[in-house]
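Every heavy atom of this structure was used, including side-chain atoms; hydrogens, water molecules and symmetry mates were not.
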Protein chains: 2
Amino acid sequence: MRERAIPEATVARLPLYLRSLVDMTERGMQTISSEGLAEAAGVNSAKVRKDLSYLGSYGTRGVGYDVEYLIYQISRELGLTQDWNCVIVGVGNLGRALANYRGFGERGFRVSALVDIDETKIGKPVDSMVVEDFADLERIVKEREISIGIVATTAAAAQDAADRLVSAGVKSILNFAPTVLQVPDDVSLRKVDLSIELQILSFYEQRKSALETVRRGKRLTASASKSTRP
Amino acid sequence: MRERAIPEATVARLPLYLRSLVDMTERGMQTISSEGLAEAAGVNSAKVRKDLSYLGSYGTRGVGYDVEYLIYQISRELGLTQDWNCVIVGVGNLGRALANYRGFGERGFRVSALVDIDETKIGKPVDSMVVEDFADLERIVKEREISIGIVATTAAAAQDAADRLVSAGVKSILNFAPTVLQVPDDVSLRKVDLSIELQILSFYEQRKSALETVRRGKRLTASASKSTRP
DNA sequence: GGCCGTTTGTGATTGCGCTCACAAGCGCCT
DNA sequence: AGGCGCTTGTGAGCGCAATCACAAACGGCC
């Protein structure tokens, strides 16, 4: 298990473990078992052990994992031992909220620029920064060694924003705009879509109500038809 | 394939198809092939066909799918033919941005209440609404028939917010706070975690740089060591 | 030093989702 | 009416991820 190939699913969980581990040091814990970490991260212990085994054998049998050491190893694997410069493209409601969000900085993600295409916004201050011109994106990215682009524009403007980021050399994009972006294969793209999440919840919520109705129906008629269609 | 059991992965893609289809009606398209829809949604056509087949046989061979009809069927399946009332718990940066976000309303999600625990915020207006007291959550949820709770508090306050939502009868929760929430089995929980997404990007970004370094190294030394450990 | 309880690391197995590939079905054109 | 090109719907196969289950390894205690 020493070949470099961490499964995607594992990569997505490492930040979760990391956060739980940081909480634990703050509570003064020295070691943690896979069982304990599993509970904190909301997964099962076998998954934790398998995930961590991809990084190496950092646990001690009969004892558990050293919290500090594990934090270091996961941080290293995730590339968090260095700082990453980010640019937020689009300073609307969401862009402003992201700019103000303190959660980024604490893990080494520095918002180094805010850009917008709207002239009325350019030059205005937002969270101890000044909004710059989208037209200057290439220059800004190169000058400040920005490696991550955060797209917080409208759906209509998002593809253009992404194209410009790509041509400026950005290889990682986080998309908040409600649209599907096309990027070259060598660019990593992740998306966060608020309204899609609500729609997924809606599906399960509706199914619950439907189930409830069926159950009530059964109680009344004492016989349920097997198919909804003849 | 007529038994009610739509795979989770399919449910997560239906909103994506829905959005593409709505775009298409706006451009005046009457029918669309699985190939065309696949391109718009950024997936492959076999997946589209299989996903849609779980809803029923709504396509016409040799022609494609009727856009309007498919919109109706997906909306119905996702429970979007009715409106859903939501409450946003926590009116900080993110909560305010979510309250102002126009993307929710357009798909039948109505933000019916904003609550916070901070007395200095209670009573103040935010986006044509007034922030209410978190203490009144149960009453608000029942009076306005709220079925979806959006947690936008700090990590520390999030579990309490979730507990109160659950005890008020909310069965669907969308969590934006950077922490793992515990909820009963019959409550649907989804999470959106901004900094985790960045950390995942960081992993792949680092791997790219590492690969680049190795490649450069090879060019220089014309021989690469196989293992990093002795 | 040997034994015992605990916890890791990992082969084996299961399950789910994705992709392939093609028969079946539809409209159109001649 | 028959043939042709196109597109759907779906069984079959495959691969990744989750889970299971247990041998191996460790610390502590007698």
Side-chain angles (χ1 to χ4, degrees), chain A residues 1-17 20-21 24 29-70 73-74 77 200 203-204 229, chain B residues 1-17 20-21 24 29-70 73-74 77 180 185 200 203-204 229:
Chain A
M1 187 138 333
R2 281 278 69 207
E3 321 89 65
R4 274 297 114 149
I6 301 182
E8 276 188 49
T10 295
V11 173
R13 278 188 296 267
L14 289 179
L16 221 57
Y17 301 148
S20 300
L21 290 165
M24 285 166 188
M29 300 172 69
Q30 304 275 319
T31 61
I32 183 70
S33 67
S34 60
E35 192 71 47
L37 182 52
E39 199 183 353
V43 299
N44 70 55
S45 62
K47 211 184 288 193
V48 169
R49 288 198 297 278
K50 187 140 257 183
D51 284 343
L52 295 182
S53 77
Y54 289 114
L55 311 187
S57 285
Y58 297 139
T60 307
R61 291 162 199 242
V63 178
Y65 300 88
D66 183 277
V67 177
E68 288 279 8
Y69 189 57
L70 202 50
Q73 289 297 344
I74 294 178
E77 200 69 50
I200 295 170
F203 172 84
Y204 291 107
R229 276 196 168 183
Chain B
M1 188 141 330
R2 280 280 69 206
E3 321 89 66
R4 273 297 112 146
I6 301 182
E8 276 189 50
T10 296
V11 173
R13 279 188 296 268
L14 289 179
L16 222 58
Y17 301 149
S20 300
L21 289 165
M24 285 166 186
M29 299 173 69
Q30 304 274 320
T31 62
I32 183 70
S33 67
S34 60
E35 192 71 48
L37 182 51
E39 199 183 354
V43 298
N44 71 53
S45 62
K47 212 182 288 193
V48 169
R49 288 197 298 278
K50 187 140 256 185
D51 284 343
L52 295 181
S53 77
Y54 289 114
L55 311 186
S57 284
Y58 298 138
T60 306
R61 289 162 199 243
V63 177
Y65 300 88
D66 183 277
V67 177
E68 289 278 9
Y69 187 58
L70 203 50
Q73 289 297 344
I74 294 178
E77 200 69 49
V180 175
D185 284 349
I200 295 170
F203 172 85
Y204 291 107
R229 274 196 171 183

Spatial distance of atom [atom1] ([X]) from atom [atom2] ([Y]) [nearest 0.5 Å]:
{"X": "A:Lys50", "Y": "A:Ser34", "atom1": "NZ", "atom2": "OG", "result": "13.0 Å"}
{"X": "B:Glu35", "Y": "B:Arg49", "atom1": "CD", "atom2": "CZ", "result": "7.5 Å"}
{"X": "B:Thr31", "Y": "B:Tyr65", "atom1": "OG1", "atom2": "OH", "result": "12.0 Å"}
{"X": "B:Gln73", "Y": "B:Leu21", "atom1": "CD", "atom2": "CG", "result": "12.0 Å"}

Find the distance [X]:[atom1] to [N]:[atom2] and express it as a whole number of Å.
{"X": "A:Leu37", "N": "C:dG9", "atom1": "CG", "atom2": "P", "result": "12 Å"}
{"X": "B:Leu52", "N": "C:dC18", "atom1": "CG", "atom2": "C1'", "result": "15 Å"}
{"X": "B:Glu35", "N": "C:dA21", "atom1": "CD", "atom2": "P", "result": "15 Å"}
{"X": "A:Ile6", "N": "D:dC16", "atom1": "CD1", "atom2": "P", "result": "16 Å"}
{"X": "B:Leu70", "N": "D:dT7", "atom1": "CG", "atom2": "P", "result": "16 Å"}
{"X": "A:Asp51", "N": "D:dC16", "atom1": "CG", "atom2": "C1'", "result": "13 Å"}
{"X": "B:Lys47", "N": "D:dT8", "atom1": "NZ", "atom2": "P", "result": "17 Å"}

Could you walk me through whether B:Glu8 and A:Phe203 pass the side-chain contact (heavy atoms from CB on, under 4.5 Å) test, one step at a time? CA-CA 10 Å; B:Glu8 276 189 50; A:Phe203 172 84; over 6 Å; no
[X] and [Y]: which non-hydrogen atoms are nearest, and at how many Å?
{"X": "B:Ser20", "Y": "B:Leu37", "answer": "CB-CD1, 3.8 Å"}
{"X": "A:Met24", "Y": "A:Ala40", "answer": "CE-CB, 3.6 Å"}
{"X": "B:Tyr69", "Y": "B:Asp66", "answer": "N-OD1, 2.9 Å"}

When you look at B:Ile6 and B:Leu55, which way does the side-chain contact (heavy atoms from CB on, under 4.5 Å) test go after all the steps? CA-CA 8 Å; B:Ile6 301 182; B:Leu55 311 186; 3.7 Å; yes
By nearest nucleotide on DNA chain D, pick out whichever of B:Arg49 and A:Asn44 is the more 5' one. B:Arg49
Produce a footprint string for nucleotides 12-17 of chain C: one letter per nucleotide, 5' end first; B if the base is under 4.0 Å from any protein heavy atom, S if only the sugar-phosphate is, - if neither. B----S
Per-nucleotide protein contact string for nucleotides 25-30 of chain D (B base, S sugar-phosphate only, - none; heavy atom under 4.0 Å): BBS---
Between D:dT8 and B:Ser34, is there an OP1 or OP2 to side-chain N/O distance shorter than 4.0 Å?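 Answer is yes, contact under 4.0 Å.
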For a quick test of reading the model: is some side-chain N or O of A:Tyr54 closer than 4.0 Å to OP1 or OP2 of D:dA17? no
Would you please test B:Leu52 and B:Ile74 for side-chain contact (heavy atoms from CB on, under 4.5 Å) and show each step? CA-CA 9 Å; B:Leu52 295 181; B:Ile74 294 178; 4.2 Å; yes
From C-beta outward on B:Ser53, which listed nucleotide comes closest to its side chain: D:dT7, D:dG9, C:dG9?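 Among the listed nucleotides, the one closest to the side chain of B:Ser53 is D:dG9.
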Considering only side-chain heavy atoms of A:Tyr65, which listed nucleotide, D:dA21, C:dG9, C:dA21, is closest?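 Closest nucleotide to the A:Tyr65 side chain: C:dG9.
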Rounding to 10 degrees, work out the angle separating the end axes of the helix from C:dG1-D:dC30 to C:dT30-D:dA1 (five pairs an end).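 Comparing the axis at each end, I get an angle of 10°.
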How far apart are the C-alpha atoms of A:Tyr17 and A:Val48, what are their side-chain angles, what is the distance that settles it, and do they pass the side-chain contact (heavy atoms from CB on, under 4.5 Å) test? CA-CA 8 Å; A:Tyr17 301 148; A:Val48 169; 3.9 Å; yes
Do B:Asp51 and B:Val43 have side chains that get closer than 4.5 Å, going by heavy atoms?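 They are not in side-chain contact.
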